[in-house]
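Per chain, numbering begins at 1; letters A, B, ... match sequence-line order.
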There are 2 protein chains.
Amino acid sequence: MTSTDTPHSAAETADPNVDPTLESDVFARGCNSRMALQNATGRWGALALAALNEGPYRFSALRRRVDGVSERMLSQTLQTLERDGLVHREVLETIPPKVEYSLTELGADVAEKITALIELLESQVPKIVASQTEYDARRQ
Amino acid sequence: MTSTDTPHSAAETADPNVDPTLESDVFARGCNSRMALQNATGRWGALALAALNEGPYRFSALRRRVDGVSERMLSQTLQTLERDGLVHREVLETIPPKVEYSLTELGADVAEKITALIELLESQVPKIVASQTEYDARRQ
DNA sequence: CGGCATCCCTATTGATACTG
DNA sequence: CAGTATCAATAGGGATGCCG
């Protein structure tokens, strides 16, 4: 693909390398679960899920919450998560139109795990930074 | 950077946008915890941690376990995880030389959360695939 | 407001070859 | 064995403009 922008290219199920009889080993390349993991833990996926774990968000509010995400990336991320059944998209027929995003049951379970990971990491930032500093010093 | 290969560019602490007084909000762009999250949940980071959660691995064994990872990516991933203090690297002075990778205490905590997420996703693959199929059908 | 399409640049990744 | 160096391919992502 040189100039064609495929929406959720990394999320495609129609991968010829996928063996349908072997569906649940993340360590196998091209496995469905590995793709789902990527979508849920990718750069923006994890943050979107963590944000939605706080409650439903409208598009622009979510964009404000997830600092640094572009319109385009947030849109793609949400589509992928919706496709995987983690996020529910509700269009409110108002003027101007509003779209509300929320977690599905499965999405809530996933978001909970991710939030746990985030909280752990946030609490350990000092230790992590110390490790980085030491590592960098060791190699000058 | 057009052709210069920076080792762990995404892991740098020396980001001018990082506010050292604000260390623990993943939602803030350039935050240390967001970077740590990226390193731990990135494409290969999560799988490497999950593999090491099964026990120590030598480089090539780990490469075999994490199907599809290139030498280069595994090397970089492990360096980043070591720098963040999640992975311990032990060089055995034998002939031929062996290097064993294992989890630190912090790494074990992180790996546990990631493994929980992976197990959840693996168990829900059927539901996820069904959702994808339905989603794709809805847009033809 | 929400968000898709296009253009275009850069970071990440993979293959391959080479070294301690 | 355990990597590093180099080069080429690709995916990620920002900016802009348009539409329901």
Side-chain angles (χ1 to χ4, degrees), chain A residues 1-12 15 17 29-30 34-35 38-39 41-48 56-83 87 89-102 139, chain B residues 1-12 15 17 29-30 35 38-39 41-45 47-48 56-82 87 89-101 139:
Chain A
M1 257 162 274
T2 324
S3 60
T4 337
D5 259 337
T6 313
H8 29 250
S9 48
E12 289 307 347
D15 189 321
N17 299 319
R29 100 173 80 188
R34 185 188 276 196
M35 291 177 176
Q38 266 321 290
N39 297 334
T41 64
R43 180 157 180 204
W44 303 119
L47 294 174
Y57 270 94
R58 284 183 39 207
F59 188 83
S60 33
L62 192 54
R63 182 152 136 66
R64 257 171 274 125
R65 181 68 177 126
V66 181
D67 188 33
V69 70
S70 70
E71 210 179 61
R72 184 172 183 263
M73 282 302 103
L74 182 58
S75 176
Q76 281 189 20
T77 300
L78 290 170
Q79 278 183 43
T80 303
L81 293 177
E82 186 193 359
R83 195 176 100 103
V87 161
R89 180 172 181 272
E90 177 111 32
V91 180
L92 306 175
E93 300 290 357
T94 60
I95 298 176
K98 301 181 179 186
V99 180
E100 190 166 84
Y101 291 92
S102 56
R139 348 184 97 201
Chain B
M1 248 166 277
T2 324
S3 61
T4 334
D5 259 338
T6 312
H8 27 252
S9 47
E12 289 307 346
D15 189 321
N17 299 319
R29 97 172 80 187
M35 291 179 176
Q38 267 320 293
N39 297 334
T41 63
R43 181 159 182 202
W44 303 119
L47 294 175
Y57 270 94
R58 285 183 36 210
F59 188 83
S60 34
L62 192 53
R63 181 151 137 65
R64 259 172 272 124
R65 181 70 178 127
V66 181
D67 189 31
V69 70
S70 69
E71 251 172 84
R72 185 172 183 265
M73 281 304 101
L74 182 57
S75 176
Q76 282 190 19
T77 301
L78 289 170
Q79 279 182 42
T80 303
L81 293 176
E82 188 194 358
V87 162
R89 180 172 181 271
E90 177 108 35
V91 180
L92 306 175
E93 299 289 358
T94 60
I95 299 176
K98 300 179 180 188
V99 180
E100 192 166 83
Y101 291 92
R139 347 184 99 200

Euclidean distance, atom [atom1] of residue [X] to atom [atom2] of [N] [Å, nearest integer]:
| X | N | atom1 | atom2 | result |
| --- | --- | --- | --- | --- |
| Gln38(B) | dA11(C) | CD | C1' | 13 Å |
| Arg72(A) | dA15(D) | CZ | P | 12 Å |
| Gln76(A) | dC4(C) | CD | P | 9 Å |
| Met73(B) | dA11(D) | CE | P | 15 Å |
| Ile95(B) | dA2(D) | CD1 | C1' | 14 Å |
| Arg63(A) | dG3(C) | CZ | P | 12 Å |
| Phe59(A) | dC4(C) | CZ | P | 8 Å |

Practice prompt. Describe the nucleic acid contact of Gly42(A) in one word from base, sugar-phosphate, nothing, applying a heavy-atom distance below 4.0 Å.
Written response: nothing
Item to complete: Tell me what Arg89(B) touches on the nucleic acid: a base, only sugar-phosphate, or nothing, going by heavy atoms under 4.0 Å.
Response: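 Answer is sugar-phosphate: Arg89(B) comes under 4.0 Å of backbone atoms only.
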Please tell me if [X] has a side-chain N or O lying less than 4.0 Å from either OP1 or OP2 of [N].
| X | N | answer |
| --- | --- | --- |
| Trp44(A) | dG14(D) | no |
| Arg58(B) | dC1(D) | no |
| Ser60(B) | dA2(D) | yes |
| Gln79(B) | dT4(D) | yes |
| Tyr57(A) | dC1(C) | no |

Discussion item. Which heavy atom of Ala48(B) sits nearest to which heavy atom of Thr77(B), and what is that distance?
Written reply: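 Closest pair (atom of Ala48(B), atom of Thr77(B), distance): CB-CG2, 4.4 Å.
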Worksheet item: Glu71(A) has a side chain; which of dG13(D), dG2(C), dC4(C) sits nearest to it?
Response: dC4(C)
How about [X] and [Y]: do any of their side-chain heavy atoms sit closer than 4.5 Å?
| X | Y | value |
| --- | --- | --- |
| Arg34(A) | Leu47(B) | yes |
| Glu71(A) | Phe59(A) | yes |
| Leu78(B) | Leu62(B) | yes |

Practice prompt. Would you kindly compare Pro97(B) and Ser75(B) by the position of their nearest DNA chain D nucleotide and give the one closer to the 5′ end?
Written response: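 Looking at DNA chain D, the more 5' nearest nucleotide goes with Pro97(B).
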